[in-house]
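The structure under discussion appears below in the form of structure tokens.
If you're wondering where the values come from, they're calculated on a predicted model, not measured in any experiment.
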Amino acid sequence: MRYSEMFLPTVREVPSDAEVISHQLMIRSGMIRKLTSGVYTYLPLGYRVIRKFEQIVREEMNRAGAQEVFMPTVQPAELWQESGRWIHYGKELLRFRDRHDRECCLGPTHEEVITDLVRNEIKTYRQLPRNLYQIQTKFRDEIRPRFGVMRCREFGMKDAYSFDVDSDGADLSYQKMFDAYNRIFSRCGLKFRPVEADTGSIGGSFSHEFLVVADTGEDGMVYCEACNYGANLEKAEIVRPPEPAGSAGGKAVAEVHTPDVRTIEEVCAFLGVTPREVVKTLIYSADGNAVAVLIRGDHEVNEIKVKNLLGCDSLEMAMEDMILDVAKSPRGFVGAVGIRCPVYADYSLIGMADFVMGANKEDYHIRNVNLGRDFTVKAFADLRAIRAEDPCPRCGKVLHFARGIEVGHVFKLGTKYSKAMRAVYLDRSGKEQLMVMGCYGIGIGRTVAATIEQNNDASGIVWPMQLAPYQAIVTPVNVNDAALAEAAEKLYAALNARGVEAILDDRDERAGVKFMDADLVGIPLRVTVGPKRLAEGKVEVRIRRTGEVHVLALAEAEEFVVRTVREGMKVPG
RNA sequence: CGGGGCGUGGCGCAGCCUGGUAGCGUAUCUGAAUGGGGUUCAGAGGGUCGGAGGUUCAAAUCCUCUCGCCCCGACCA
């Protein structure tokens with residue numbers, strides 16, 4: 001492509017509303033433009049990268065035995081009512097009515113549609129397993145879109161759905177997708193980790209997220225280099241500590257007047273104790289019912305764990321009136337002794353004795369509280385957020401913390417949707433069985449953005465060869481010099497003929513401008529055709545990533561570019 | 001939705017407090033020179049100051065409402 005004819009508006013200045021590097025660079029390099037909050041247009045350069053990534057995804061999905069379909073964006077409410085998600089999905093589901101006043105939504109995901117298709121068409125175990133995927137636009141009415149294409153409302157997603165006869169089969173399908181995802185992200189040259197994750201609103205029995213390691217990522221993860229355990233912070237397990245040998249504690253309970261002392265810090269300062277000797281009592285409203293969660297003073301609650309333990313749809317900190325109702329005391333003085341709601345204790349309570357707690361009485365705390373003697377709990381569970389000093393739950397070694405961008409998520413759904421929507425088949429004995437499902441997503445635009453997040457420098461984007469919108473750019477230093485123009489033109493034609501996706505920067509611009517644009521846009525190889533070198537029949541090939549420059553005769557330069565591109569495009573066996 | 005901030009030529013900003021009819025940089029167009037890391041000079045075009053209403057002789061500036069966008073929390077590919 002000739003640069004002079006391209007629709008490639010690069011911008012020199014950093015856009016004021018772009019926070020993260022990938023967002024800034026996607027705008028500056030002319031990849032995207034915003035239409036409205038969380039909704040973007042891909043310009044030619046950006047769309048080329050998208051298509052390159054989609055191609056990788058298709059190749060790997062097909063290799064893993066999945067077949068491509070294409071489902072609608074507009075979906076009828078009935079299907080969502082059937083699965084139960086018309087109610088449970090929440091406001092991210094964009095709903096509207098058509099002219100006949102029928103309720104519809106824009107698909108934020110396609111479990112309902114695919115399950116409907118498959119239940120209608122697949123009748124026997126002979127037709128299973130099947131894995132169907134699509135690359136399609138999703139709409140999720142995010143509360144707060146941000147970071148450009150990273151978290152937007154309308155976005156491209158690859159979603160695959162597997163259907164198996166039983167749980168073992170589903171595990172196999174899951175593993176195939178897991179492996180395919182590893183290949184996909186590896187081919188993009190990404191540093192990433194698959195980690196155990198919460199299943200959220202999709203549901204199912206377990207899941208893994210693929211997180212691209214980046215400080216700007218919205219997710220936290222822990223991982224263990226010794227045993228390869230990895231988990232999202234939301235999910236990261238904490239092992240149950242051993243029961244203490246003897247029964248410690250046993251001092252008499254003592255009520256203490258603690259006027260206006262509410263927070264853990266205030267309590268500790270006032271009573272001269274450490275947070276490890278204090279137990280926090282947090283009241284939550286779980287689907288409208290009060291529950292108390294006990295946790296050691298120096299720990300934080302992981303609400304997702306609480307939510308999963310209770311199996312509720314909504315969980316929020318209780319309002320003041322609910323607290324007064326169950327604890328007979330305002331926030332800050334709540335304790336478990338005599339409280340009138342179910343009490344759950346984090347594992348950290350095991351082995352604690354003679355601790356401090358709210359007295360359920362305004363301006364009072366109590367000392368020397370002991371679990372079992374002074375109150376009982378409904379259950380002990382892992383309810384707190386993991387911390388740096390916690391050991392790996394699998395092998396006990398040191399855990400590492402990192403941030404990441406969730407680019408993919410694989411779920412073992414089990415029979416959640418097949419049950420709700422009656423997706424059944426006949427087994428060998430002619431008996432009806434529920435299909436066992438899995439679903440597997442990859443954020444297309446988000447992966448591209450994550451790639452930029454990991455591959456950039458002060459001058460701009462540094463594309464890995466497999467995703468580069470163009471692989472090489474031929475830059476005559478001055479197009480008004482006939483010899484330079486001609487040599488560049490010939491080299492450009494030769495590269496194209498040999499399958500290299502090249503740009504000829506034939507603009508009547510100064511060399512500096514062309515270099516800046518080529519670097520910003522991130523083309524992996526640049527061939528500079530200048531007067532001094534050309535007098536000797538030579539040109540320079542510069543490698544964007546390393547800055548390395550090779551001075552080569554024209555024919556050698558052509559060979560070098562072709563070879564480098566082919567190597568970069570190699571697909572791992 | 002709660003909290004914070006911003007809307008002024010394409011982009012980045014100043015002007016607003018203390019009303020007097022819009023400016024800087026950059027980009028764009030024309031001409032000339034230049035030609036290996038965003039070159040230089042000369043000239044030109046481009047803004048109902050987010051929108052509506054109000055106060056005033058006079059509003060980008062003050063007041064009210066409204067819309068949009070960004071950042072911090074709950075969502076997730």
Identity of whatever pairs with B/rG47 - Watson-Crick or G-U, under 3.5 angstrom: none
In the strands shown, is B/rC62 matched to any nucleotide by a Watson-Crick or G-U wobble pair with both distances under 3.5 Å, and which? B/rG54
Is any N or O donor-acceptor pair between the side chain of A/Asp519 and the base of B/rG37 shorter than 3.5 Å? yes
Mind checking the C1' distance from B/rC11 to B/rG7? Whole angstroms is fine. 15 Å
Ion pair present between A/Glu154 and A/Lys138, side-chain N to carboxylate O less than 4.0 angstrom? no
Testing B/rA77, B/rC75, B/rG38 for proximity to the side chain of A/Asp517, the answer is B/rG38
Within 45° of the six-membered ring axis of A/Trp86 and under 6.0 Å from that ring's centre, is NZ or CZ of A/Arg95 located there? yes
Upstream residue (5' side of RNA chain B) when A/Arg28 and A/Glu142 are each assigned their closest nucleotide: A/Arg28
What integer number of Å spans the P atoms of B/rG50 and B/rU8? 6 Å
Residue A/Arg146, side-chain heavy atoms: nucleotide from B/rA77, B/rG36, B/rC72 that is nearest: B/rC72
Restricting to nitrogen or oxygen on both sides, can you table the protein-nucleotides 39-42 of chain B pairs closer than 3.5 Å?
| residue | atom | partner | partner atom | Å |
| --- | --- | --- | --- | --- |
| B/rU39 | O4' | A/Arg510 | NH1 | 3.4 |
| B/rU39 | N1 | A/Arg510 | NE | 3.3 |

Could you identify the nucleotide paired to B/rC17, looking across every strand shown and requiring Watson-Crick or G-U wobble geometry with both distances under 3.5 Å? none
For the C1' atoms, the ones on B/rU26 and on B/rU40, what distance do you get once it is rounded to whole angstrom? 16 Å
A/Gln454 side chain to A/Val212 backbone, donor-acceptor under 3.5 Å: no
Counting only side-chain heavy atoms from C-beta out, which of B/rA77, B/rC72, B/rG35 sits nearest to A/Phe147? B/rC72
Whether A/Arg526 engages the ring of A/Phe515 as a cation-pi pair (distance to the six-membered ring centre under 6.0 angstrom, angle to the ring normal within 45°) should be assessed. yes
On a whole-Å scale, what distance lies between the C1' atoms belonging to B/rA77 and B/rG5? 29 Å
Between A/Phe206 and A/Glu196, does the side chain to side chain contact (heavy atoms under 4.5 Å, CB included) criterion hold? Intermediate values first, please. CA-CA 8 Å; A/Phe206 60 84; A/Glu196 294 178 12; over 6 Å; no
Inter-nucleotide P distance (B/rU48, B/rG10), Å rounded: 9 Å
Please state the P separation for the pair B/rC16 and B/rC6 - nearest whole angstrom. 14 Å
Selected nucleotide, minimal atom distance to A/Glu234 side chain, candidates B/rG35, B/rC76, B/rG38: B/rC76
Is there a Watson-Crick or G-U wobble partner for B/rC24 with both distances under 3.5 Å, and if so, which one is it? B/rG12
In the strands shown, is B/rG7 matched to any nucleotide by a Watson-Crick or G-U wobble pair with both distances under 3.5 Å, and which? B/rC67
Once each nucleotide of nucleotides 1-15 of chain B is scored for protein heavy atoms under 4.0 Å, what B/S/- sequence comes out, 5' to 3'? B---------BSS--
Taking the six-membered ring of A/Tyr3, is the NZ or CZ of A/Arg507 close enough (under 6.0 Å from the centre) and on axis enough (within 45°)? yes
What are the residues of residues 31-42 of chain A, sorted by number, that bring a heavy atom to within less than 4.0 Å of RNA chain B? A/Lys34, A/Thr36, A/Ser37
Applying a 3.5 Å limit to both distances, which nucleotide forms a Watson-Crick or G-U wobble pair with B/rG2? B/rC72
Which part of the nucleic acid, if any, lies within contact of A/Met157, taking any heavy atom under 4.0 Å across all strands shown: a base, the sugar-phosphate backbone alone, or nothing? sugar-phosphate
Between A/Asn131 and A/Tyr133, is any side-chain donor less than 3.5 angstrom from a side-chain acceptor? no
Which part of the nucleic acid does A/Met150 contact within heavy-atom distance under 4.0 Å: base, sugar-phosphate only, or nothing? base
For the pair A/Arg63 and A/Arg183, evaluate side chain to side chain contact (heavy atoms under 4.5 Å, CB included) and give the outcome as yes or no after the intermediate values. CA-CA 11 Å; A/Arg63 174 202 287 264; A/Arg183 291 178 55 89; 2.8 Å; yes
Distance between the P atoms of B/rG12 and B/rC69, in whole angstroms? 15 Å
In sequence, state the C-alpha distance, the side-chain angles, and the governing distance for A/Ser83 and A/Glu112, and then conclude on side-chain hydrogen bond (donor to acceptor under 3.5 Å, both in side chains). CA-CA 7 Å; A/Ser83 72; A/Glu112 281 77 3; 2.5 Å; yes
Nucleotide forming a Watson-Crick or wobble pair with B/rG31, both distances under 3.5 Å: B/rC41
Mark yes or no for a side-chain to base donor-acceptor pair under 3.5 Å between A/Glu540 and B/rG36, with no hydrogen or angle criteria applied. yes
Under the criteria of a ring-centre distance below 5.5 Å and an interplanar angle below 30°, is A/Phe515 stacked with the base of B/rG38? no
Is the cationic atom of A/Arg48 (NZ for Lys, CZ for Arg) positioned less than 6.0 Å from the six-membered ring centroid of A/Tyr470 and within 45 degrees of its normal? yes
Where the side chain of A/Asn480 is concerned, which of B/rA77, B/rG35, B/rG36 is the nearest nucleotide? B/rG35
Tell me what A/Gly408 touches on the nucleic acid: a base, only sugar-phosphate, or nothing, going by heavy atoms under 4.0 Å. sugar-phosphate
Which nucleotide in the list B/rG36, B/rG38, B/rC76 gets nearest to the side chain of A/Leu520? B/rG38
